[in-house]
Protein chains: 2
Amino acid sequence: MADKIPILQHPWVGEKPFFGELTDKQWKILKAALKVFTEKGYSASTTSEIAREAGVAEGTIFRHFNTKKEILLATLIPLMQNFIGPGVTNSLHNLLLEYDHLPMEDVLLLILEDRQKHISALWPLLRVVIIEANYHPELKEVLLNNVVTLAQESLLTFLKQRQSKGELREDLDVWVMMRSIVGAFGAYLVSQSLFPEREQDHDNRQELKVIVDLFLRGTQARS
Amino acid sequence: MADKIPILQHPWVGEKPFFGELTDKQWKILKAALKVFTEKGYSASTTSEIAREAGVAEGTIFRHFNTKKEILLATLIPLMQNFIGPGVTNSLHNLLLEYDHLPMEDVLLLILEDRQKHISALWPLLRVVIIEANYHPELKEVLLNNVVTLAQESLLTFLKQRQSKGELREDLDVWVMMRSIVGAFGAYLVSQSLFPEREQDHDNRQELKVIVDLFLRGTQARS
DNA sequence: GCCATAAATGAGTAATTACTCCGTAAATAT
DNA sequence: ATATTTACGGAGTAATTACTCATTTATGGC
């Protein structure tokens with residue numbers, strides 16, 4: 001478990017602006033809360049531990065946040081809206097615009113490599129977001145509207161673009177294509193995480209290339 | 001949330017044998033614990049609520065289980081070993097042996113339809129298992145060894161069989177093929193669950209057929 | 001430097017937590 | 001039927017929980 005809580009050292013999350021305007025104490029509290037939540041989940045975390053981790057008195061916490069749940073929302077919602085969501089979209093948008101002229105297989109490979117790094121770095125954060133979204137509808141809603149939907153739209157735009165260029169089959173719904181590549185890619189990430197020994201000695205780029213190739217064999221328009 | 005906790009009414013889980021030899025009280029406690037855990041997760045569940053739900057005194061619970069965590073393990077581990085795991089494998093094994101002579105696309109469609117029903121019915125149970133496996137290594141280990149690995153082996157066996165018959169490409173690792181179909185299928189299930197309105201008015205069998213078709217276009221040996 | 005305002009503290013609170021203990025009821029053996 | 005063992009109940013316990021409040025400390029304007 002040497003790689004625990006890397007998000008907090010992550011240069012991006014380490015920036016206050018993602019949380020709006022905050023006093024130093026508020027910032028310390030949210031940072032501590034995020035650390036504790038990612039380690040043990042919301043329910044198993046205690047306000048006293050958050051206070052200890054933040055280096056403030058427990059009373060201070062409740063001057064800034066009325067309830068424990070409010071801490072959870074004040075931590076995860078801004079992160080999803082201002083960090084995770086844009087982080088998901090930006091890179092996709094840039095890649096698909098910037099490399100518009102490249103063959104699709106090259107673009108897809110670039111996207112997958114980039115997303116792999118991004119998701120791996122953010123995983124502890126994403127994990128707690130996903131888990132808590134199961135128990136807190138407010139989080140689920142923000143996750144859907146500010147992360148999942150954004151990512152989808154980026155990818156769908158890209159696929160439609162390529163489809164209109166005649167590079168992808170016209171008789172196939174882009175939504176279906178998206179599920180196909182995202183699913184295969186997701187399965188690869190899960191497999192890497194569950195069976196590191198199985199996947200790590202393979203060449204990563206080669207694996208991604210095969211994923212792209214499999215996808216294109218099913219979706220590419222006949223030339 | 002009308003479809004909450006269907007597992008408990010599920011005829012299979014409603015059977016004591018999956019938990020080994022149990023007295024009536026023990027069985028009532030485990031059933032109640034499973035219900036509460038699936039509703040709120042382990043940490044947010046209390047032993048007093050489990051007792052109330054089971055209709056026994058709180059002291060009775062601790063006569064049979066020393067700690068709260070022991071209740072969790074006594075509930076989920078036998079379920080994984082005796083119910084989820086075998087349930088995952090049996091159907092796969094039967095289908096792939098029974099329909100050995102059928103074209104691969106038909107077999108895959110049958111498998112996916114069957115697995116879809118199975119996973120949907122078990123989802124609340126699977127969800128709590130997956131979530132708690134993140135916080136309890138004992139659960140993660142059993143989940144990997146008694147569920148995930150079993151499913152993998154079944155599918156790999158099937159794919160290898162078809163590969164040796166010359167129906168699947170020889171130059172592609174079956175492990176990669178498995179990730180591809182499982183990923184696309186998983187993405188469809190997730191998509192169905194997150195965007196029911198988007199997916200429900202499509203013809204389900206048709207969607208599954210497309211998933212199979214996409215998979216085979218990438219993996220089928222050239223005829 | 002002094003005061004007014006705001007922020008932070010940490011001891012405190014009521015409620016809840018996982019867990020215990022002993023009296024009683026039920027089951028089993030003789 | 002009686003004795004012995006086992007299962008059960010439910011009041012109880014110490015610890016912990018989320019949260020409060022009176023007091024102290026820091027801040028900023030003059």
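Remember, it's a predicted structure, so these values are computed and weren't measured experimentally. Here is how names work: the chains are called A, B, and so on, in the same order as the sequence lines, proteins then strands, and each is numbered from 1.
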To the nearest 0.5 Å, atom CE of M178(B) lies from atom CG of L156(B) at 4.5 Å
Here the distance between atom P of dA7(C) and atom CD1 of I29(A), to the nearest Å, is 12 Å
Next on the checklist: Less than 4.0 angstrom between a side-chain N/O of K25(B) and OP1 or OP2 of dG9(D), yes or no?
Outcome noted: yes
Rounded to whole Å, NZ of K69(A) lies from P of dC19(D) at a distance of 12 Å
Check your understanding: Hey, is CZ on R205(B) packed in by over 12 heavy atoms from elsewhere, all under 6.0 Å?
Key -> no
From CH2 of W27(A) across to P of dA8(C) the rounded distance in Å is 16 Å
To the nearest angstrom, the CD-C1' distance between Q26(B) and dT6(D) comes to 13 Å
Result for 5'-nearest mapping on DNA chain D, choosing between T60(B) and E58(A), is T60(B)
So CZ of R162(B) and OG1 of T219(B): to nearest 0.5 Å the spacing works out to 12.0 Å
Atom CG of N66(A) and atom P of dC21(D) are separated, to the nearest Å, by 13 Å
Contact string for nucleotides 23-28 of chain C, one letter per nucleotide 5' to 3', B = base within protein heavy-atom range under 4.0 Å, S = sugar-phosphate only, - = neither, reads ------
Of the candidates dC8(D), dA8(C), dA18(C), the side chain of F62(B) sits closest to dA18(C)
Review point. Which part of the nucleic acid, if any, lies within contact of T46(B), taking any heavy atom under 4.0 Å across all strands shown: a base, the sugar-phosphate backbone alone, or nothing?
Key: sugar-phosphate
When you measure from the centre of the six-membered ring of Y42(A), is the NZ or CZ of K69(A) under 6.0 Å away and within 45° of the axis? no
Notebook entry, point to check: Given L208(A) and F185(A), is the side-chain contact (heavy atoms from CB on, under 4.5 Å) satisfied, shown in steps?
Noted result: CA-CA 8 Å; L208(A) 293 177; F185(A) 177 59; 4.1 Å; yes
Over all strands shown, is S43(A) touching base, sugar-phosphate only, or nothing at heavy-atom distances under 4.0 angstrom?
nothing
Looking at H64(A), does any N or O in its side chain come under 4.0 Å of the phosphate oxygens OP1/OP2 on dA7(C)? no
Interatomic distance, CD@Q152(A) vs CZ@F195(B), rounded to 0.5 Å, equals 4.0 Å
Side-chain contact check for K68(B): nearest option of dG9(D), dT9(C), dC19(C) is dC19(C)
From CZ of R52(A) across to P of dT16(D) the rounded distance in Å is 11 Å
When rounded to whole Å, the CD to C1' distance for the pair E49(A) and dT17(D) reads 13 Å
Separation of dC19(C) atom P from I50(B) atom CD1, nearest Å, is 11 Å
- Item | Donor on one side chain, acceptor on other, Q192(A) and E207(A), under 3.5 Å | no
A57(B) has its side chain closest, among dC19(D), dA18(C), dG10(D), to dG10(D)
Which of dT9(C), dA18(C), dA8(C) is nearest the side chain of V56(A)? It is dT9(C)
